[in-house]
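The structure appears below as structure tokens.
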Amino acid sequence: MPFITLQHQQRARARAAAQASAAAPTVSAQSDVAHSPDRSVIAAALEADLQLLSERANVQEKIALKRQLLPKYLPHVKVYRESGAQYPNPLLVSCLIWLLDVEDIEQALELAALAIAQQQQLPARFNRDLSTFVAETLHDWAERQYMANRSASPYFEQVLENVEQGTWPVTQIIVLGKLYKLAGLICDQQEDFARAVHWYEKATAANDKAGVKTRLESARKKL
């Protein structure tokens, strides 16, 4: 093995070990929180972990820590879901955000359905409603799949259905335009030009600046 390659691997392992050791004490020191039914204990632990996340500037470090923290808090979210309770629940919202960040899309959509139905609120720093945030975040994830020639199905379709039915109201026309545009692009890629026209027309109706007019005309000509 070339010496430079060996050095690169050693440096990569060292960085990974350092990141793991930086995050691990937080999780292990509060591992008992996963088994505590006391809401005040859980809230205090969540506040401490949110503070730790805010102190990390590196995005990948944040994601790694969120991935480690989720097993500590998801059992409490499960208890909340199964109890049928409804009250402002920052833990539910935090876990939803983290699941989106680590791209556990299936679990994220399950929590999103509950949180949006209960009209849970995002932290003030987000400055938007929860359904619009979830829809845009899922759009951005689905767009990355589209650009990489990977399927975003069935999750992107689920988001579109919720938005179309008004179950997840989207309050920003830019987000609506983006959703409908991507739906059109996916149909265009699949050579389903009738559906592509449908979504491009909706994108234009939602936001005249959605940037689909040329694609719309092209799709119409292919019908």
Side-chain angles (χ1 to χ4, degrees), residues 19 23 26-27 34 42-43 45-81 88-148 150-172 174-183 185-186:
Q19 290 175 5
T26 305
V27 179
I42 299 165
L46 177 62
E47 185 177 352
D49 285 328
L50 288 171
Q51 178 60 35
L52 281 165
L53 281 166
S54 72
E55 292 169 358
R56 281 166 166 74
N58 183 280
V59 173
Q60 292 307 314
E61 286 183 14
K62 285 177 180 282
I63 290 173
L65 181 53
K66 289 172 183 178
R67 189 172 281 111
Q68 286 188 308
L69 289 170
L70 278 163
K72 181 166 71 172
Y73 291 113
L74 284 175
H76 297 295
V77 173
K78 181 180 179 182
V79 169
Y80 176 76
R81 293 176 65 188
N89 193 331
L91 178 61
L92 169 63
V93 175
S94 291
C95 285
L96 167 55
I97 295 168
W98 295 350
L99 286 167
L100 289 170
D101 287 343
V102 305
E103 297 191 350
D104 188 337
I105 304 302
E106 185 170 356
Q107 279 202 86
L109 285 176
E110 289 175 4
L111 293 196
L114 174 64
I116 293 171
Q118 292 191 346
Q119 297 184 338
Q120 297 286 343
Q121 301 295 309
L122 285 167
R125 69 182 183 275
F126 284 86
N127 194 31
R128 61 175 50 195
D129 60 276
L130 184 60
S131 53
T132 299
F133 166 75
V134 172
E136 184 169 31
T137 304
L138 263 295
H139 162 273
D140 294 349
W141 169 80
E143 186 177 51
R144 291 194 294 273
Q145 309 316 301
Y146 168 78
M147 296 297 291
R150 296 191 296 261
S151 173
S153 183
Y155 308 120
F156 184 60
E157 290 86 348
Q158 291 173 16
V159 174
L160 278 176
E161 182 178 358
N162 281 311
V163 172
E164 285 287 87
Q165 292 178 349
T167 310
W168 292 6
V170 172
T171 58
Q172 297 181 2
I174 292 176
V175 177
L176 270 180
K178 286 166 60 175
L179 283 167
Y180 296 148
K181 176 181 179 178
L182 180 58
L185 289 172
I186 291 171

For this session: Just do the side-chain contact (heavy atoms from CB on, under 4.5 Å) check on Phe133 and Val175 with the steps written out, would you?
Result: CA-CA 9 Å; Phe133 166 75; Val175 177; over 6 Å; no
Might you point out which heavy atoms bring [X] and [Y] nearest each other, and give the distance in Å?
X: Pro169; Y: Gly166; result: CD-O, 3.6 Å
X: Leu130; Y: Ala115; result: CD2-CB, 3.5 Å
X: Cys95; Y: Leu70; result: O-CD2, 3.9 Å
X: Val102; Y: Ile63; result: CG1-O, 3.8 Å
X: Trp168; Y: Ala113; result: CZ2-N, 4.1 Å
X: Leu96; Y: Val134; result: CD2-CG2, 4.1 Å

Rounded at 0.5 Å granularity, tell me how far [atom1] in [X] sits from [atom2] in [Y].
X: Glu136; Y: Glu143; atom1: CD; atom2: CD; result: 10.0 Å
X: Leu52; Y: Lys62; atom1: CG; atom2: NZ; result: 10.0 Å
X: Trp98; Y: Asp104; atom1: CH2; atom2: CG; result: 14.0 Å
X: Ile105; Y: Gln145; atom1: CD1; atom2: CD; result: 8.0 Å
X: Lys66; Y: Leu99; atom1: NZ; atom2: CG; result: 10.5 Å
X: Glu103; Y: Tyr155; atom1: CD; atom2: OH; result: 12.0 Å

May I ask you to check whether over 12 heavy atoms, not counting those of [X], lie within 6.0 Å of atom [atom1]?
X: Glu55; atom1: CD; answer: yes
X: Leu50; atom1: CG; answer: yes
X: Glu164; atom1: CD; answer: yes

A side-chain contact here means heavy atoms from C-beta on lying under 4.5 Å apart; do [X] and [Y] qualify?
X: Ile97; Y: Thr137; answer: no
X: Leu53; Y: Leu69; answer: yes
X: Leu111; Y: Arg81; answer: yes
X: Val163; Y: Tyr180; answer: yes
X: Val59; Y: Asp101; answer: no
X: Val159; Y: His139; answer: no
X: Lys178; Y: Asp140; answer: yes

Please check this pair: side chain of [X] against backbone of [Y], looking for a donor-acceptor N/O pair closer than 3.5 Å.
X: Gln120; Y: Asn89; result: yes
X: Gln121; Y: Gln119; result: yes
X: Ser131; Y: Ile116; result: no
X: Tyr146; Y: Ile186; result: no

I'd like to know if the side chain of Gln51 pairs up with that of Glu47 as donor and acceptor (distance under 3.5 Å, no hydrogens or angles considered).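 Result is no, nothing qualifies.
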Should Tyr73 and Asp49 be marked as a side-chain contact (heavy atoms from CB on, under 4.5 Å) after you check the CA-CA gap, both sets of side-chain angles, and the distance that decides it?
-> CA-CA 11 Å; Tyr73 291 113; Asp49 285 328; 2.6 Å; yes
